[in-house]
Amino acid sequence: MTERIWIMGASDGIGAELARAYARRGAALILSARRAEALQAVAADCPGAQVVPADIADRESLAAAAEIIAAGGKLDRAITLAGLYAPGKAMEADPEQAAQIVTVNLTGTLNFVHLAQPLLRQRGQLALTGSVAGYVGLPQGQIYSATKAGIINLAETLRAELAGQTDVRIINPGFVDSRMTRLNEFDMPFIIQPDQAAAAILRGLDRKGFEIHFPRRLTLALKLLRLLPYWALIPITKRLVR
C-alpha cells in the first residue's frame with residue numbers, strides 16, 4: 001500500500017534528501033516549506049509529489065496547507081525538519097533573531113503538531129526534529145540549542161499523551177553539511193552529508209523505538225556527557241568556551 005507522507009522543511013538539506021529517499025520507495029509525498037521555487041526543484045525528483053508551500057512559523061499559513069492536505073485523505077507519516085539556526089555565544093545573541101528562532105523552531109513545531117496530528121491515520125507517525133545540540137548546554141549553541149532541548153521535551157510529552165493513538169518520534173541529528181552548519185566557525189566532528197542523514201532517518205522511522213540519533217560516534221559520547229552531575233559537567237563545558 002502506498003504511504004502518504006507530509007514533509008515540512010523539504011526545500012533543501014535533510015528534508016529534500018528525505019523526500020527523494022521516500023520517492024524512491026514510491027511514497028505519495030506532500031512537500032512543504034516557505035520557498036515554493038525550491039520545493040518545485042525537489043518535487044521534480046519525486047514523481048507525483050504535491051507541493052504545498054507553508055511557513056511553519058505562521059499558523060494561518062500552516063492551517064491553510066493542512067486543509068489542502070486533508071482533502072487528499074489521511075496521512076501515514078507527518079515529519080517536520082524545518083528550523084532556523086545562528087551560532088555564537090548566548091550573551092552575544094541578537095534578541096530579535098533569537099525570538100525568531102524560538103518562533104520557528106519551538107512554536108512552529110507545536111503549530112505543526114497541532115495541525116498535522118489530526119491528519120494522521122490511527123497509529124500514524126508524527127516525527128519532530130530536535131538535535132544533539134539539545135542534549136546538553138554547550139558553548140556556541142545560543143538560543144538554537146535551547147529550542148532543540150524544548151523540542152525533545154515536547155516530543156517526550158507527546159509520546160506519553162498520544163500513546164496508542166499516534167507513533168511520536170524524535171530525530172536528533174549530529175552535524176550535517178547544510179546551509180545552517182556552514183555558518184559554524186568551529187570544527188564539527190563526524191559531520192555527514194544530507195543523503196546519509198536521510199538514510200538514517202528513513203531506517204529509524206521504519207523501526208520501533210522513540211529516538212533516531214546519528215552519527216552514533218558523536219551522539220553516544222554526548223549522551224554519556226549529559227549523564228554527568230553538574231559538578232563534573234560544567235568544568236568540561238567551560239573548557240570549550242572560545
Colleague: Looking at every heavy atom in both Leu218 and Val132, which two are closest together, and how far apart are they?
Modeller: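 What the structure gives for the nearest pair is CD2-CG2, 4.3 Å.
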
Colleague: Less than 4.5 Å apart, side chain to side chain, heavy atoms only: is that true for Leu62 and His114?
Modeller: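 They are not in contact (no side-chain heavy atoms under 4.5 Å apart), so the answer is no.
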
Colleague: Looking at every non-hydrogen atom in both residues, tell me the closest pair between Asn111 and Ile56 and how far apart they are.
Modeller: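 Scanning both residues completely, I find the closest heavy atoms to be ND2-O, 3.2 Å.
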
Colleague: Of the non-hydrogen atoms in Ala197 and Val176, which two are nearest, and what is the gap between them?
Modeller: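 Looking at all heavy atoms of both residues, the closest pair is CB-CG2, 4.0 Å.
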
Colleague: Does Cys46 offer a backbone N or O that forms a donor-acceptor pair with the side chain of Arg20 under 3.5 Å?
Modeller: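 No: the side chain of Arg20 does not pair with the backbone of Cys46.
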
Colleague: Just how far is it from atom CG of Leu18 to atom CD1 of Ile5, taken to the nearest 0.5 Å?
Modeller: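 Leu18 atom CG to Ile5 atom CD1 measures 7.5 Å (nearest 0.5 Å).
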
Colleague: Quick one: closest heavy-atom pair of Lys148 and Asn105, and the distance?
Modeller: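 Result for this residue pair: CE-ND2, 4.4 Å.
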
Colleague: State which residues pass side chain to side chain contact (heavy atoms under 4.5 Å, CB included) with Ala65; sequence neighbours excluded, sorted by chain then number.
Modeller: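 Residues passing side chain to side chain contact (heavy atoms under 4.5 Å, CB included) with Ala65: Trp6, Val52, Ala54.
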
Colleague: So that I can tick it off, tell me whether Arg159 and Glu156 are bridged by a salt bridge, with the cut-off set at under 4.0 angstrom between side-chain N and carboxylate O.
Modeller: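 Looking at Arg159 together with Glu156, the answer is no, because their closest N to O distance does not fall below 4.0 Å.
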
Colleague: Does the side chain of Gln117 reach to within under 4.5 Å of the side chain of Gln165, using non-hydrogen atoms?
Modeller: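 Sidechains of Gln165 and Gln117: in contact.
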
Colleague: How many angstroms lie between atom CG of Leu228 and atom CD1 of Ile234, to the nearest 0.5 angstrom?
Modeller: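 The distance works out to 10.0 Å.
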
Colleague: Tell me the closest heavy-atom pair linking Ser131 and Asn172, and the distance in Å.
Modeller: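 Heavy-atom minimum between the residues: N-OD1, 3.0 Å.
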
Colleague: So, do Ile201 and Phe214 sit near enough that their side-chain heavy atoms are less than 4.5 Å apart?
Modeller: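 They are in side-chain contact.
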
Colleague: Which pairs count as salt bridge (Lys or Arg N to Asp or Glu O under 4.0 Å) when at least one residue sits in residues 59-73, sequence neighbours excluded?
Modeller: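 Residue pairs passing salt bridge (Lys or Arg N to Asp or Glu O under 4.0 Å), neighbours aside: none found.
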
Colleague: Test your reading of the model: is there a side-chain donor-acceptor pair from Ser61 to the backbone of Asp55, 3.5 Å cut-off?
Modeller: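 Pair found, side chain donor or acceptor close to backbone of Asp55.
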
Colleague: For the atom pair CG (Asp206) and CZ (Arg203), what is the distance rounded to the nearest 0.5 Å?
Modeller: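 The distance works out to 10.0 Å.
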
Colleague: Quick one: does Ile171's side chain get under 4.5 Å of Ile79's, heavy atoms only?
Modeller: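 Answer yes - side chains close enough.
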
Colleague: Do Thr107 and Leu110 have side chains that approach each other closer than 4.5 Å (heavy atoms only, starting at C-beta)?
Modeller: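 SC-SC contact between Thr107 and Leu110 ruled out.
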
Colleague: Kindly write out the residues that satisfy side-chain hydrogen bond (donor to acceptor under 3.5 Å, both in side chains) with Arg34, not counting sequence neighbours, or none if the list is empty.
Modeller: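 None.
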
Colleague: Answer yes or no: is there a side-chain heavy-atom contact under 4.5 Å between Pro139 and Lys89?
Modeller: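 SC-SC contact between Pro139 and Lys89 ruled out.
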
Colleague: Taking side chain to side chain contact (heavy atoms under 4.5 Å, CB included) as the definition, give me every residue that meets it alongside Arg216, ordered by chain and number, with sequence neighbours left out.
Modeller: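 Side chain to side chain contact (heavy atoms under 4.5 Å, CB included) check on Arg216 returns His213, Thr219, Leu220.
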
Colleague: With sequence neighbours left out, write down each residue that passes side-chain hydrogen bond (donor to acceptor under 3.5 Å, both in side chains) with Gln125, or none if nothing qualifies.
Modeller: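 With sequence neighbours excluded, Gln125 shows a side-chain hydrogen bond (donor to acceptor under 3.5 Å, both in side chains) to Arg77, Asp167, given in chain and number order.
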
Colleague: So do the side chains of Leu75 and Ile30 get within less than 4.5 Å of each other, counting heavy atoms only?
Modeller: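 Yes; the side chains approach each other to less than 4.5 Å.
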
Colleague: About how many Å separate CD of Gln196 and CD1 of Ile14, when rounded to the nearest 0.5 Å?
Modeller: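 The distance works out to 11.0 Å.
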
Colleague: Not counting sequence neighbours, which residues clear side-chain hydrogen bond (donor to acceptor under 3.5 Å, both in side chains) with Asp195? List them please.
Modeller: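 None.
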
Colleague: Distance from Gln40 atom CD to Arg35 atom CZ, nearest 0.5 Å?
Modeller: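 Here the interatomic distance stands at 13.0 Å.
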
Colleague: Could you tell me the separation between the OG1 atom of Thr109 and the CD1 atom of Ile151, rounded to the nearest 0.5 Å?
Modeller: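 Answer rounded to 0.5 Å: 3.5 Å.
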
Colleague: With no hydrogens and no angle check, is any side-chain donor or acceptor of Gln122 less than 3.5 Å from a backbone partner on Gly164?
Modeller: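 Such a contact is found between Gln122 side chain and Gly164 backbone.
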
Colleague: Determine, step by step, whether Leu225 and Tyr135 satisfy the side-chain contact (heavy atoms from CB on, under 4.5 Å) criterion, reporting the C-alpha distance in whole Å, the side-chain angles of both residues, the deciding distance to 0.1 Å, and the verdict.
Modeller: CA-CA 9 Å; Leu225 190 65; Tyr135 283 172; over 6 Å; no

Colleague: Hey, does Thr129 have a side-chain heavy atom less than 4.5 Å from the side chain of Pro173?
Modeller: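 They are in contact (side-chain heavy atoms under 4.5 Å apart), so the answer is yes.
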
